[in-house]
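Notes for the one structure printed next.
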Amino acid sequence: MTEVSVITGGAGGMGVATAKVVGRDRPVVLCDVRQDRLDAAVAALTALGITATAVNADVSDRAAVDRLFDTAAALGTVVSVIHTAGVSPSMGA
């Protein structure tokens, strides 16, 4: 069975950088709250020959996380979850 890695915050700088490394060995599922950034990340990774699937989801929403893992599990065996999602003080009060 195919091994799959899930990357939360996958459309951000750290998430994409991580996907470039992990994606050499297996498909990655990128999770983020911004569809436009997910689309750009998947396009950039695809151009590098990396298989990437985007899931628009908020990791603080249990139902969204369930959908994320249903998507990942449909692609193969989830062997790692890499959490790069975060909030910077510059993002809000």
Side-chain angles (χ1 to χ4, degrees):
M1 173 132 296
T2 301
E3 295 182 337
V4 178
S5 289
V6 173
I7 304 174
T8 65
M14 214 163 55
V16 173
T18 301
K20 287 178 181 177
V21 174
V22 175
R24 294 178 197 155
D25 298 325
R26 67 183 51 96
V28 294
V29 177
L30 306 179
C31 165
D32 209 289
V33 295
R34 298 240 343 245
Q35 187 65 50
D36 58 328
R37 291 181 63 183
L38 279 168
D39 293 341
V42 168
L45 293 167
T46 300
L48 296 172
I50 295 170
T51 302
T53 300
V55 176
N56 186 308
D58 179 344
V59 297
S60 69
D61 176 351
R62 179 59 192 234
V65 172
D66 288 343
R67 287 192 308 275
L68 167 63
F69 281 94
D70 287 345
T71 299
L75 298 173
T77 302
V78 176
V79 295
S80 62
V81 177
I82 304 161
H83 182 68
T84 67
V87 178
S88 165
S90 67
M91 297 173 77

Mind checking what makes salt bridge (charged side-chain N to carboxylate O under 4.0 Å, His left out) contact with R26, not counting sequence neighbours?
E3
For residues 44-58, which side-chain N or O atoms pair as donor and acceptor with protein atoms under 3.5 Å away, sequence neighbours left out?
residue: T46; atom: OG1; partner: V42; partner atom: O; Å: 2.7
residue: N56; atom: ND2; partner: Q35; partner atom: OE1; Å: 3.4
residue: D58; atom: OD1; partner: S60; partner atom: N; Å: 2.9
residue: D58; atom: OD1; partner: S60; partner atom: OG; Å: 2.8
residue: D58; atom: OD2; partner: S60; partner atom: OG; Å: 3.2

Exercise: identify the closest heavy-atom pair between A72 and V4:
O-CG2, 4.1 Å
Who are the salt bridge (charged side-chain N to carboxylate O under 4.0 Å, His left out) partners of D36, not counting sequence neighbours?
R34
What pairs of residues pass the side chain to side chain donor-acceptor pair (under 3.5 Å) test when at least one of them lies in residues 8-24, not counting sequence neighbours?
T8-H83
Taking salt bridge (charged side-chain N to carboxylate O under 4.0 Å, His left out) as the definition, give me every residue that meets it alongside R67, ordered by chain and number, with sequence neighbours left out.
none
In terms of hydrophobic clustering (I, L, V, M, F, W, Y; side-chain heavy atoms under 4.5 Å; direct or indirect links), are F69 and V29 co-clustered?
yes
In terms of heavy-atom contacts, V22 and S5 come closest through CG1-OG, 3.3 Å
Applying a strict under-4.5 Å side-chain criterion to I, L, V, M, F, W and Y, I'd like to know whether M14 and I82 cluster together.
no
Please tell me if the side chains of C31 and L68 come closer than 4.5 Å, counting only heavy atoms from C-beta onward.
yes
Output for pair (L38 CG, D32 CG), nearest 0.5 Å, gives 5.0 Å
Of all heavy-atom pairs linking A19 and L30, the shortest is CB-CD2, 3.9 Å
If you group Ile, Leu, Val, Met, Phe, Trp and Tyr by side-chain heavy-atom gaps below 4.5 Å, do L75 and V78 land in one group?
yes
How close do T84 and G10 get, heavy atom to heavy atom, and via which atoms?
OG1-N, 4.2 Å
